[in-house]
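One structure below.
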Amino acid sequence: MVGNLGRAKQFGEINKLLNEMVRDGCQPNTVTYNRLIHSYGRANYLREAMNVFNQMQEAGCEPDRVTYCTLIDIHAKAGFLDIAMDMYQRMQAAGLSPDTFTYSVIINCLGKAGHLPAAHRLFCEMVGQGCTPNLVTFNIMIALHAKARNYQSALKLYRDMKGAGFQPDKVTYSIVMEVLGHCGYLEEAEAVFTEMQRKNWVPDEPVYGLLVDLWGKAGNVDKAWQWYQGMLHAGLRPNVTTCNSILRTFLRVHRLSEAYNLLQSMLALGLQSSLQTYTLLLSCCTDARSKFDLGFCGQLMAVSGHPAHMFLLKMPPAGTDGQNVREHVSNFLDYMHSEDRESKRGLMDAVVDFLHKSGLKEEAGSVWEVAAFKNVYPDALREKSCSYWLINLHVMSEGTAVTALSRTLAWFRKQMLVSGECPSRIDIVTGWGRRSRVTGTSMVRQAVEELLNMFNFPFFTENGNSGCFVGCGEPLKKWLLESSYVERMHLL
DNA sequence: ATAGGGTTAG
């Protein structure tokens, strides 16, 4: 009953039940308390979970491995890794040695918190402590390496797992397919799909969706469409993400009428376009090659029915100071409050790029300013150390990068005029530099370099990192101070 | 009573 009520987050009812229980002469035991802790933790009431932990000890009930495991897990998942690790220490201090379950929890928590080497170390150490990894432990480890893009390590663990006599389950197959796909081994990912079916696992929608996405990204429209159809024939209903994958595939090769049909079938299935759907359509509009395609993209955006379309249609022309545009954007972002930041960033990027390339530069600049102010681009500007700044343009489209750079440099100038202090160094990071794993030229880097040259910004590159433009010292100060046109830079 | 994947966005 406590567990069931906890799942329903009925904490008032739980307390009534516990009082009733004590009144009838039944003392809560460790299992009762553990369920209670888990209930609070899952609902993100960590303080209450800790209260229960203290109460049970006051009542003379000893916490066991499950108690500690639960507390470790809920704290780590809530972002309190330090408290989680402290509970791990306390558990050992209480004479409870970790078991396979405990190790799995800790390994997962460490990995998710960005400490993959520590997670892997523990994974290697656990055997020496007499705890053998089981299927779930392997799945955790494979998934962590996959997330970190250590695909070769992930595949090696997969082989180790099979070598240790474990049969992969649906979760394993799913992760491994993703790994193979991201390595570019699409046929191999398909082979795993076949193996999975042969072992009587039933592929679900996300697995089909993965294959649609992989083939689509590889530019193979026919294959992507084939897997999409395969999913429908398996009696599965596509979700919005999968629809977006196939939609992106059509748009990329300018099959606009097929994109139109897909949007219509989304409507027929009762699937609401997401921010990503609209972002795809808007980007396609920006890249339209002809007046006809442009008009068609406009229709697609209207058919999507996403609120972002009204936002764009109602965008006012920038007045003398762009205040009306800023208010319009600000209202829209407030309305989009609960969307996750990456989605909002994607849309704002597409909007700024679109406006910039349509010649509405003042509007683009104002949209950027509000997006930056509303923390949609938290990594765009950072003070690396005292008066050493980093402008990070690496997740932006060309139009957005150029707009963001112009507005940020103007902001520096304004700050300087107010405070009299000048940054000693500014690094402008465009991406596709030294650590790039993708060959080819970066459009963003090119556009930024052209802009900097045009405005005689005093920059250099260092350590062979061609993707990062550095300005510093007197030349930087002189440029910021004397270039009154910085304010209007974004209009070019 | 405690642990694992879930897609877009480099």
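Order of the sequence lines sets the chain letters (A, B, ...), proteins ahead of strands, with each chain counted from 1. Computed from heavy atoms alone, side chains included, the values below leave out hydrogens, waters and symmetry copies.
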* Evaluate side chain to side chain contact (heavy atoms under 4.5 Å, CB included) for Val240(A) paired with Gln272(A), printing each intermediate quantity in order. => CA-CA 7 Å; Val240(A) 177; Gln272(A) 294 237 330; 5.7 Å; no

Please give me every residue in [range] whose heavy atoms get under 4.0 Å of an atom in DNA chain B, ordered by residue number.
{"range": "residues 78-113 of chain A", "value": "Phe101(A), Ser104(A), Val105(A), Asn108(A), Lys112(A)"}
{"range": "residues 116-138 of chain A", "value": "Asn134(A), Leu135(A), Val136(A)"}
{"range": "residues 67-74 of chain A", "value": "Cys69(A), Thr70(A), Asp73(A)"}
{"range": "residues 196-209 of chain A", "value": "Asp204(A), Glu205(A), Pro206(A), Val207(A), Gly209(A)"}

Over how many whole Å does the gap from [X] atom [atom1] to [N] atom [atom2] extend?
{"X": "Leu36(A)", "N": "dA1(B)", "atom1": "CG", "atom2": "C1'", "value": "11 Å"}
{"X": "Arg65(A)", "N": "dA3(B)", "atom1": "CZ", "atom2": "P", "value": "16 Å"}
{"X": "His182(A)", "N": "dT8(B)", "atom1": "NE2", "atom2": "P", "value": "6 Å"}
{"X": "Asp64(A)", "N": "dT2(B)", "atom1": "CG", "atom2": "P", "value": "12 Å"}
{"X": "Leu236(A)", "N": "dG6(B)", "atom1": "CG", "atom2": "C1'", "value": "14 Å"}
{"X": "Arg237(A)", "N": "dT7(B)", "atom1": "CZ", "atom2": "C1'", "value": "17 Å"}
{"X": "Asp169(A)", "N": "dA3(B)", "atom1": "CG", "atom2": "C1'", "value": "13 Å"}
{"X": "Arg149(A)", "N": "dG5(B)", "atom1": "CZ", "atom2": "C1'", "value": "17 Å"}

Show every donor-acceptor pair shorter than 3.5 Å between a side-chain atom in residues 14-21 of chain A and any protein atom, with sequence neighbours excluded, or say none if there are none.
unit_1: Asn15(A); atom_1: ND2; unit_2: Phe11(A); atom_2: O; d: 3.4
unit_1: Lys16(A); atom_1: NZ; unit_2: Glu13(A); atom_2: OE2; d: 3.2
unit_1: Asn19(A); atom_1: ND2; unit_2: Asn15(A); atom_2: O; d: 3.3

* Keeping to residues at least two apart or across chains, list the side-chain hydrogen bond (donor to acceptor under 3.5 Å, both in side chains) pairs with something in residues 122-134 of chain A. =>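 Non-adjacent pairs meeting side-chain hydrogen bond (donor to acceptor under 3.5 Å, both in side chains): Asn134(A)-Thr137(A).
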
* **Sequence neighbours excluded, every pair satisfying side-chain hydrogen bond (donor to acceptor under 3.5 Å, both in side chains) that has a member inside residues 224-234 of chain A** =>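 Every pair satisfying side-chain hydrogen bond (donor to acceptor under 3.5 Å, both in side chains) with a residue in residues 224-234 of chain A: Glu190(A)-Trp227(A).
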
* Tyr173(A) side chain to Glu195(A) side chain, donor-acceptor N/O pair below 3.5 angstrom ->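 Side-chain D/A pair, Tyr173(A) to Glu195(A): present.
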
* Step by step, would you call Glu369(A) with Arg407(A) a salt bridge (Lys or Arg N to Asp or Glu O under 4.0 Å)? -> CA-CA 7 Å; Glu369(A) 284 176 348; Arg407(A) 297 318 293 155; 2.9 Å; yes

Check every strand shown and say whether [X] touches a base, only sugar-phosphate, or nothing at a heavy-atom separation below 4.0 Å.
{"X": "Asp349(A)", "answer": "nothing"}
{"X": "Val2(A)", "answer": "nothing"}
{"X": "Leu210(A)", "answer": "base"}

* Asked: Is there a donor and acceptor pair, one atom on the side chain of Asn244(A) and one on the base of dT7(B), closer than 3.5 Å?
  ->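 Check fails, no donor-acceptor contact within cut-off.
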
* For the side chain of Val66(A), starting at C-beta, report the closest nucleotide among dG5(B), dA3(B), dT2(B). =>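 Among the listed nucleotides, the one closest to the side chain of Val66(A) is dT2(B).
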
* Looking only at side-chain atoms of Arg345(A), point me to the closest of dT7(B), dG5(B), dA9(B). =>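 Of dT7(B), dG5(B), dA9(B), dA9(B) is nearest to the side chain of Arg345(A).
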
* To do: Start with the C-alpha gap between Phe123(A) and Phe138(A), add the side-chain angles, then the distance that decides, and say whether ring-ring contact (aromatic ring centres under 6.0 Å, His included) holds.
  => CA-CA 9 Å; Phe123(A) 178 75; Phe138(A) 271 106; 5.5 Å; yes

What residues form a side-chain contact (heavy atoms from CB on, under 4.5 Å) with [X], not counting sequence neighbours?
{"X": "Ser153(A)", "answer": "His145(A), Asn150(A)"}
{"X": "Asn220(A)", "answer": "Trp215(A), Asp222(A), Lys223(A)"}
{"X": "Thr286(A)", "answer": "Asp353(A), Phe354(A), Lys357(A)"}
{"X": "Asn239(A)", "answer": "Glu205(A), Thr241(A), Thr242(A)"}

* To do: Walk me through it: do Gln276(A) and Ser343(A) pass the test side-chain hydrogen bond (donor to acceptor under 3.5 Å, both in side chains)?
  => CA-CA 6 Å; Gln276(A) 286 86 342; Ser343(A) 312; 3.1 Å; yes

* **Test ring-ring contact (aromatic ring centres under 6.0 Å, His included) applied to Phe193(A) and Tyr208(A), step by step** => CA-CA 9 Å; Phe193(A) 180 93; Tyr208(A) 280 97; 5.3 Å; yes

List the atom pairs, with distances to 0.1 Å, where a side-chain N or O of residues 69-85 of chain A and a protein N or O form a donor-acceptor pair under 3.5 Å, not counting sequence neighbours.
unit_1: Thr70(A); atom_1: OG1; unit_2: Val66(A); atom_2: O; d: 2.7
unit_1: Asp73(A); atom_1: OD1; unit_2: Lys77(A); atom_2: NZ; d: 3.3
unit_1: Asp73(A); atom_1: OD2; unit_2: Lys77(A); atom_2: NZ; d: 3.0
unit_1: His75(A); atom_1: ND1; unit_2: Leu71(A); atom_2: O; d: 2.9

* Asked: So, is His38(A) near the phosphate of dT2(B), with a side-chain N or O under 4.0 Å from OP1 or OP2?
  ->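 The answer is yes; a side-chain N or O of His38(A) sits under 4.0 Å from OP1 or OP2.
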
* Where does the angle between the aromatic ring planes of Tyr45(A) and Tyr40(A) fall among parallel (under 30°), tilted (30 to 60°) and perpendicular (over 60°)? ->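 The rings of Tyr45(A) and Tyr40(A) stand perpendicular, inter-plane angle above 60°.
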
